[in-house]
Amino acid sequence: MVIGFSGMEVRRADMWQKEQVIQEFQKRGKRITGQREMLLDVILEGNWSSCKDVYYEARKRDPKLGMATVYRTVHQFGTTQYLQIRIMF
């Protein structure tokens with residue numbers, strides 16, 4: 001899967017699983033909020049070409065969700081070993 005946003009591209013590892021990401025976040029002392037878990041589900045369920053696409057799908061589930069939240073959450077997922085972020089120009 002590739003996610004691009006403002007010149008960024010994110011690739012999901014083939015074996016990425018929800019439980020592994022949650023465990024990694026907990027090890028780092030981060031909470032898995034309802035929005036983070038929902039965004040993780042959206043990312044895992046689709047084949048996205050941009051964060052904007054993830055945002056539009058996630059907004060169907062949580063109309064209060066902001067684009068900045070999606071961007072920050074994808075960036076935080078990118079700090080794990082399960083997601084890679086590449087800057088594209």
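Worth knowing before you read on, the calculation uses all heavy atoms, side chains too, and leaves out hydrogens, waters and symmetry mates.
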Item to check | Whether R59 side chain and K64 backbone form a donor-acceptor pair below 3.5 Å | outcome: no
Checklist entry - Would a 4.5 Å heavy-atom cut-off, applied to side chains only, mark K60 and E57 as touching? => result yes
Checklist entry - Going from SG on C51 to CD1 on I43, what distance comes out if it is rounded to the nearest 0.5 angstrom? => result 7.0 Å
Checklist entry - Say you draw a straight line from CE of M67 to CZ of R72; how long is it, rounded to the nearest 0.5 Å? => result 12.5 Å
Checklist entry - Atom CD in Q26, atom CD in E19: separation rounded to 0.5 Å? => result 11.0 Å
Checklist outcome for this item: Between the CD1 atom in I32 and the NZ atom in K18, the distance rounded to the nearest 0.5 Å is 9.0 Å
Next on the checklist: Donor-acceptor pair, distance only, cut-off 3.5 Å: does the side chain of T69 make one with the backbone of L65?
Outcome noted: no
Checklist entry - Any Lys/Arg nitrogen of K30 or E37 sitting under 4.0 Å from an Asp/Glu carboxylate oxygen of the other? => result no
Item to check | L39 to A58 - nearest heavy-atom pair and separation | outcome: CD2-CB, 3.6 Å
Checklist entry - In Å and rounded to the nearest 0.5 Å, what is the CG to OG1 distance from L40 to T73? => result 10.0 Å
Item to check | Gap between atom CD of Q35 and atom CG of D62 - 0.5 Å precision | outcome: 5.0 Å
Next on the checklist: Would you say that more than 12 heavy atoms from the other residues, nucleotides or ligands in this model lie under 6.0 Å from the CZ of R28, or not?
Outcome noted: yes
Next on the checklist: Tell me if the aromatic rings of F25 and F77 count as close, with their centers under 6.0 Å from one another.
Outcome noted: yes
